[in-house]
Amino acid sequence: MKLILKQAVTHLGQPGDLVEVANGYGRNYLLPKNLAVPATKANIATVEQQMGKLRAAAAEQRAAAEAVAERLSVVVLTMSRKVIEGEESSLYGSVSVVDIGDALDERGFDVDRGHIHLEQPIKEVGEHTVPIALSHGVIGTVKVNVVAEEEGS
């Protein structure tokens with residue numbers, strides 16, 4: 001049975017894909033759950049028209065994400081933290097995703113904290129590059145400069 005997917009289906013395809021599946025799978029699962037439509041000439045033409053619109057919208061969104069990534073690339077977030085006595089580069093605490101997200105919010109960037117890719121919290125003084133996943137596969141980076149907090153602050 002040939003079907004056109006309306007939604008992404010794991011291990012099968014993405015919206016707009018023309019797939020061939022077993023009759024029972026298509027008739028008993030994909031069609032009743034409105035995940036696909038039969039691959040008729042009319043449906044194929046309709047899906048191609050919709051996919052053209054979706055591709056144009058996706059291209060606009062990708063361009064917007066690339067613009068945000070470019071703006072992020074020049075941002076340097078400076079954060080001061082207490083350091084362990086005797087060790088000039090180790091922090092008492094750390095700089096986490098939440099700290100970076102809050103600093104970006106203050107600068108006007110609306111970034112989901114789940115998209116900030118920090119493998120482990122930053123625990124050392126210095127400059128660190130942190131990747132941020134934006135939409136449509138665009139990855140931006142931001143520099144985080146961690147400095148020792150001045151005594152008496």
Side-chain angles (χ1 to χ4, degrees), residues 1-81 89-147:
M1 169 180 273
K2 288 188 177 185
L3 299 173
I4 302 169
L5 295 179
K6 291 174 68 177
Q7 296 179 18
V9 178
T10 307
H11 305 297
L12 192 56
Q14 297 298 315
D17 288 353
L18 181 65
V19 295
E20 189 158 346
V21 297
N23 289 339
Y25 183 55
R27 199 173 36 250
N28 297 324
Y29 181 75
L30 295 174
L31 293 174
K33 292 206 178 273
N34 206 22
L35 298 173
V37 293
T40 63
K41 288 182 182 182
N43 285 344
I44 290 172
T46 302
V47 168
E48 285 177 357
Q49 181 183 16
Q50 290 173 344
M51 290 307 290
K53 290 177 186 177
L54 289 174
R55 284 187 193 104
E60 282 182 28
Q61 292 170 347
R62 182 173 177 83
E66 288 172 349
V68 170
E70 191 173 317
R71 286 182 31 225
L72 276 173
S73 68
V74 297
V75 171
V76 178
L77 304 174
T78 302
M79 301 185 181
S80 63
R81 297 289 189 266
S89 66
S90 295
L91 303 178
Y92 266 121
S94 63
V95 175
S96 68
V97 169
V98 174
D99 299 323
I100 296 168
D102 290 343
L104 287 171
D105 282 344
E106 289 174 9
R107 297 229 178 161
F109 291 97
D110 184 26
V111 176
D112 182 359
R113 282 154 181 68
H115 295 164
I116 299 172
H117 293 288
L118 190 60
E119 290 183 25
Q120 296 179 354
I122 299 170
K123 296 183 180 185
E124 292 184 350
V125 171
E127 189 169 283
H128 306 272
T129 302
V130 179
I132 300 173
L134 303 169
S135 62
H136 298 281
V138 177
I139 304 290
T141 59
V142 66
K143 290 197 185 323
V144 178
N145 188 22
V146 181
V147 297

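- Rounded to the nearest 0.5 angstrom, Asp17 CG and Leu3 CG are separated by 12.0 Å.
- Atoms CE and CD1, on Met79 and Ile122 in that order, are 7.5 Å from each other to the nearest 0.5 Å.
- One finds the OG atom of Ser94 at 8.0 Å from the CZ atom of Arg81 (value rounded to the nearest 0.5 Å).
- Note that the CG atom of Asp105 and the CZ atom of Arg113 stand 4.5 Å from one another [nearest 0.5 Å].
- Within the 3.5 Å criterion, the main-chain N or O of Asp99 finds no donor-acceptor partner in the side chain of Asp102.
- In this structure, OG1 in Thr46 is found 8.0 Å from CD1 in Ile4, a value given to the nearest 0.5 Å.
- Inter-residue side-chain proximity for Leu12 and Tyr25 is flagged as met; some heavy-atom pair is nearer than 4.5 Å.
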Given Leu35 and Leu5, is the side chain to side chain contact (heavy atoms under 4.5 Å, CB included) satisfied, shown in steps?
CA-CA 6 Å; Leu35 298 173; Leu5 295 179; 5.5 Å; no
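- Residues Arg62 and Val138 have side chains in contact (heavy-atom distance under 4.5 Å, counting atoms from C-beta outward).
- Here the CE-CD distance, from Met51 to Gln14, works out to 9.0 Å after rounding to the nearest 0.5 Å.
- When Thr129, Ile100, Leu118 are each tested for a side-chain contact (heavy atoms from CB on, under 4.5 Å) with Val144, only one passes: Ile100.
- Partner of Arg107 under the side-chain contact (heavy atoms from CB on, under 4.5 Å) criterion, out of Leu72, Val142, Val75: Val75 alone.
- Heavy atoms only, all atoms of each residue included: Glu127 and Lys143 are closest at OE2-CD, 3.2 Å.
- Annotation for Pro131 and Ile139: closest pair CB-CG2, 4.0 Å, computed over non-hydrogen atoms.
- Here the side chains of Glu124 and Val146 are not in contact, with every heavy-atom distance at 4.5 Å or above.
- Between Val47 and Gly16, the shortest heavy-atom distance links the atoms CG1-CA, 3.8 Å.
- Within 6.0 Å of CD on Gln7 lie more than 12 heavy atoms contributed by other residues, nucleotides or ligands.
- Counting all heavy atoms, side chain and backbone alike, Met1 lies closest to Gly26 at SD-CA, 3.8 Å.
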